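Computed from heavy atoms alone, side chains included, the values below leave out hydrogens, waters and symmetry copies. Nothing here was measured: the structure is a model prediction, and the numbers come from that model. Chain letters run A, B, ... following the sequence lines, proteins first, then strands; residues in each count from 1.
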Amino acid sequence: MSTRYEYKAIETKWRKKWQENPINKENDTKPKYYCLDMFPYPSGSGLHVGHWRGYVLSDAWSRYKILQGYQVMHPMGWDAFGLPAENDAIKKGIHPEIGTAKNVANFKRQLTEISAVYDWDLEINTTDPAYYKWTQWIFVQMFKQGLAYEKRMPINWCPDCKTGLANEEATSGTCERCGAVVTKKMLRQWMLKITAYGERLLKDLDQLEWPEKVKKMQADWIGKSYGAEIDFKIADTDKQIKVFTTRPDTLYGATFMVLAPEHEMVHEITTEEQRSEVEKYVHLASTKSSVDRMTSKEKTGVFTGVYGINPLNGAKLPIYLSDYVLADYGTGAIMCVPAHDERDFEFATKFGISIVQVIKKTGEELKPLTEAYTEEGVMVNSGPFDDMKSTEAKETIASYLQEHDIGQKTVNYKLRDWVFSRQRYWGEPIPIIHCDTCGAVPVPEAELPVKLPDVESYQPTGTGESPLADIKEWVHVPCPTCGKPAKRETNTMPQWAGSSWYFLRYADPHNQDELVSKEKAEKWLPVDMYVGGIEHAVLHLLYARFYTKFLYDIGVVNFEEPFVRLFNQGMINKNGVKMSKSKGNVVSPDQLVERYGCDSLRMYELFVGPPEIDSEWDDSGIDGVFRFMNKVWKLIAEHKDRPVPVTRELERIRHKMIYEITSRLNNVSMNTVVSGFMESTNRLIDLARSGNGLDKETMETLIILLAPFTPHMAEELWEALGHKESVFLQKWPEYDADKMQEDTIEIAVQINGKLRANLQIGAQEAQEEVLNKAKQIVGDKLEGKTIVKEIYVAGRIVNLVVK
RNA sequence: GCGGAUGUGGCGGAACUGGCAGACGCGCUAGACUUAGGAUCUAGUGUCCAUGACGUGCAGGUUCGAUUCCUGUCAUCCGCACCA
């Protein structure tokens, strides 16, 4: 065995061996473990060292689980539908399928360089008809359950390009391509009723081992709030308007009302005198992009000419329109209490509307308000509810309204239904046929998948429809129900569709008859560990949870939550900013693998910083890890043929090493795992140098512990120690806490909290003895002082408090 | 604006439930071996008016003792953004 660490030869050798003889073979006697990466979108620019980070982490974790005796599933696949491929098609005329296949091949080559234990037999691709057959099947089931429905909805529309835009193409309110101001266009869209699952999606967050931050982001997104819906009669008519409020306690303080400009009753209630003003305002609001609407904080509005009647005190409340009220939250209409809401206060001040205070600070006199009082307090000016605590009044007034049939207590969510159709080519066709007689009819399941046909042009049609609408022979089909001429749905699904359930398919990727078989699903699912970026904290994870709950409800799977444990790795930055092709700061792993080897890069990816935090990439840092690898190599090479019998000291280092590595690994504190290896190795080198040698078991333990991180080197060293079987067939070593104990320990001696000496003591030495020794060692510094207090923290510190 | 996170040497970072701040690594300095060094090895490396003092964004507090707990404050980053 050479004392030089020839990483290239070693890595080539073991990659081949693993291919011939996988280390993670199917074995039903072992418990299962499913460790999943968020599957990538195979972009044209390939992987950089930032991508590696998550993949290395999940692979090290998978290999750790293998060593712990699990049968691990660690699959990989491609989320390959999406905009960039389509835009390439438009620009260069390359079929998205071809572009995507090329990118997948490149990604796969780069991923192979990581040497992860991926089982490529399980590979999936969302653009494969055999896969999207089931994406479509799920849609059909949702349609049958009434969860998929059609609705006219506004989309971002570029009037110059005559095309719909995704939100990310329309940031800042202008078209990403041509710079024109983005407007809205009403289009018929498919919607998924995710709101029907809002409560369950919120409640079940409790049972997940996810970062609190992500759970909170999801909870905020769902945005549950309690309140009341209250009916306000419109004066001199028999109409009424329903408002939602979380503050029924402030009802007596309502002095006006506001409707969203898009509110459906605007036109029927507006008076003739006000009509032209109102219509002008409504039009203005519709042309403003949502970004504009958000950024201009100045309140605007217009009076409709009519009044609402406060159901409790009969006060006449002028009804305004204003864009600070959102059409799709609550009922799109609010009662306004300027005294107790900042926005209402601002609006009332600007429009000269009176302000009536109905809550005052407990124990204080009522005094004129200079700003809205939004805290709790005591009720005033509220008829029978005066002197009640406002918190109590909230409940009491809501109940009163309910009893008198003026309103009802409700729960409201920010979560909205999911716009599920895209006017694009490169997505799964929505498997629906529109028939004049039968309406929307799902494509019969036996005819799935509805394959994406070839088109001549990927250009947007200019009408807002997808390019598919131009393929007459594809669009025109008989109605599956009545046989009359009918038309296919030409919208496609969003990229989310394929990624909302892919984790199920890995368990049974080649099944042609079922999405996943019962047995396979029961065996492998749910996912035990899910690793990916924080950018998916809300949408992807929420959609995947929604899909899983739906599939649970229709009996496809027997669990409600797809991901038991979630780990979000941080990004890798370079020069303080996210690595990206456009910033020109991308570090490619390819050259690093060439120069340092896969194992060194794996190790460095983990060493670079705490895995959950963003880290700065430092090119020279990998040298340190590479040196460490060489040290380990040399250490084993020099001692493998002349191991010494184990000594107390070697045993101590070995147990301590197992303990440190295992506990840090369990906390997914990968950077300290790596430093732990360095510490242990340094100690072993020192010990070996001082003539004490190295015993076989310590060498073996070090190699097994290293295996999840530097698999090639570990295998090679393991073989060099004379073993015939893979190191991954070994068991993760266990430590004995007693054997970690040092015989003597060094403790600090402080006087008044300041370090004054260090003291060697026996590990078991009694407190009294330690204190005596401590006083002796700092004796000269105690002269002329009296000891007021003596503190001994076992094994750590003595502090003498003196005067 | 609201919510969350973070702030420690020249740099990345470590420090378990309060107990010797700066582990580990990068970089740097000096030396050894060398024709050579982007190799390897050895020693050193928080700051300063250096037997000591000061040091974990800043100002206080609790404690024998605070990077860790509490109060206030500043900065940076992330998420949400008129949610009634």
Taken in chain and number order and not counting sequence neighbours, the residues that satisfy salt bridge (Lys or Arg N to Asp or Glu O under 4.0 Å) with K224(A) are E199(A)

With rounding to whole Å, what would you report as the distance between rG57(B) and rG9(B) at their P atoms?
8 Å

Can you tell me if Y324(A) touches the phosphate of rA84(B), counting only side-chain N or O atoms and a distance under 4.0 Å to OP1 or OP2?
no

Please identify each residue that fulfils ring pair (Phe, Tyr, Trp, His ring centres under 6.0 Å) with F347(A), with sequence neighbours left out.
F256(A), Y320(A), Y324(A), F351(A)

For D686(A), what residues pass the salt bridge (Lys or Arg N to Asp or Glu O under 4.0 Å) criterion, not counting sequence neighbours?
none

I need the CZ-P distance between R796(A) and rA21(B), as an integer number of Å.
13 Å

Pairs: protein N or O with nucleotides 41-48 of chain B N or O, under 3.5 Å:
unit_1	atom_1	unit_2	atom_2	d
rU42(B)	OP1	R689(A)	NH1	3.1

How close or far is atom P of rA21(B) from atom CG of N758(A), stated in whole angstroms?
10 Å

Distance between P atoms of rG25(B) and rC70(B) (Å, rounded):
34 Å

W221(A) CH2 to rC80(B) P, in whole Å, measures 7 Å

Does the side chain of T195(A) come under 3.5 Å of the side chain of D417(A) through a donor N or O and an acceptor N or O?
yes

Among all residues two or more places apart in sequence or in another chain, which pass the ring pair (Phe, Tyr, Trp, His ring centres under 6.0 Å) test with H536(A)?
H540(A)

Here the distance between atom P of rG79(B) and atom CD of Q218(A), to the nearest Å, is 16 Å

Provide, to the nearest angstrom, the distance between the NZ atom belonging to K803(A) and the C1' atom belonging to rC64(B).
12 Å

Using the P atom as the reference point in each nucleotide, state the distance between rU6(B) and rC24(B) in Å, no decimals.
25 Å

Using atom C1' of each nucleotide, how far apart are rA30(B) and rU73(B) to the nearest Å?
45 Å

Let me see the working for E660(A) and R664(A) under salt bridge (Lys or Arg N to Asp or Glu O under 4.0 Å), right down to the final yes or no.
CA-CA 6 Å; E660(A) 295 286 359; R664(A) 292 172 187 192; 3.2 Å; yes

Listed partners of H48(A) passing ring pair (Phe, Tyr, Trp, His ring centres under 6.0 Å), at least two apart
H51(A)

Determine the interatomic distance between C1' on rC28(B) and the same-named atom on rG38(B); round to the nearest Å.
15 Å

From rA84(B), rG27(B), rC64(B), pick the nucleotide closest to the side chain of D623(A)?
rG27(B)

Is N682(A) touching bases, backbone alone, or none of the nucleic acid, heavy atoms closer than 4.0 Å?
sugar-phosphate

Rounded to the nearest 0.5 Å, what separation is found between the NZ atom of K773(A) and the CD atom of E765(A)?
3.5 Å

Could one point to a donor on the side chain of R683(A) or the base of rC24(B) with an acceptor on the other under 3.5 Å away?
no

Considering heavy-atom distances to RNA chain B, does V793(A) or I534(A) have its closest nucleotide positioned more toward the 5' end?
V793(A)

Expressed in whole Å, how much space separates the P atoms belonging to rG65(B) and rC54(B)?
14 Å

Between rA66(B) and rG61(B), how many Å separate the two C1' atoms, rounded to a whole number?
11 Å

Salt bridge flag under 4.0 Å for residues K414(A) and D220(A)
no

Measure NZ/K213(A) against P/rG4(B) and give the value in whole Å, please.
12 Å

Could you say whether T246(A) or G621(A) is positioned toward the 5' end of RNA chain B, judged by the nucleotide with the nearest heavy atom to each?
G621(A)

Rounded to whole angstroms, how far apart are CD on Q750(A) and C1' on rG19(B)?
7 Å

Between Q218(A) (side chain only) and A537(A) (backbone N and O only), is there a donor and an acceptor less than 3.5 Å apart?
yes

Using a strict 4.0 Å threshold on nitrogen-to-oxygen distance, state whether E605(A) and R602(A) make a salt bridge.
no

Residue pairs, two or more places apart or on separate chains, that pass ring-ring contact (aromatic ring centres under 6.0 Å, His included) and touch residues 770-798 of chain A
none

Set of salt bridge (Lys or Arg N to Asp or Glu O under 4.0 Å) partners for D614(A), sequence neighbours left out:
none

Stem ranges of RNA chain B by first residue number, counting only runs of at least 3 Watson-Crick or G-U pairs under 3.5 Å, come to B:1-7 with B:74-80, B:10-12 with B:24-26, B:27-32 with B:40-45, B:46-48 with B:52-54, B:57-61 with B:69-73

Side chain of F244(A) only, please: which of rA84(B), rC20(B), rG79(B) is the nearest?
rA84(B)

Nearest heavy atoms of F244(A) and G330(A), plus distance in Å
CB-CA, 4.1 Å

Nearest whole angstrom, please: distance from the C1' of rC64(B) to the NZ of K785(A).
15 Å

Between the protein and nucleotides 9-15 of chain B, list every N/O to N/O distance that falls short of 3.5 Å.
unit_1	atom_1	unit_2	atom_2	d
rG12(B)	O2'	V608(A)	O	2.8
rG13(B)	O3'	N671(A)	ND2	3.4
rA14(B)	OP1	N671(A)	ND2	3.1

Pick the P atom in rG37(B) and in rA43(B), then give their distance to the nearest Å.
22 Å

How is E342(A) classified with respect to the nucleic acid when contacts are heavy atoms under 4.0 Å: base, sugar-phosphate, or nothing?
nothing

Assigned glycosidic conformation for rG9(B) [threshold 90° from 0]:
syn

Return the set of residues passing ring pair (Phe, Tyr, Trp, His ring centres under 6.0 Å) with Y735(A) (not counting sequence neighbours), or none when no residue passes.
Y659(A)

Kindly give the atom pairs (protein nitrogen or oxygen, nucleotide nitrogen or oxygen) under 3.5 Å for nucleotides 50-57 of chain B.
unit_1	atom_1	unit_2	atom_2	d
rA53(B)	OP1	R756(A)	NH2	3.4
rC54(B)	OP2	K754(A)	NZ	3.2

Could you check whether any side-chain N or O of E229(A) sits under 3.5 Å from a backbone N or O of T410(A), counting only pairs where one atom can act as donor and the other as acceptor?
no

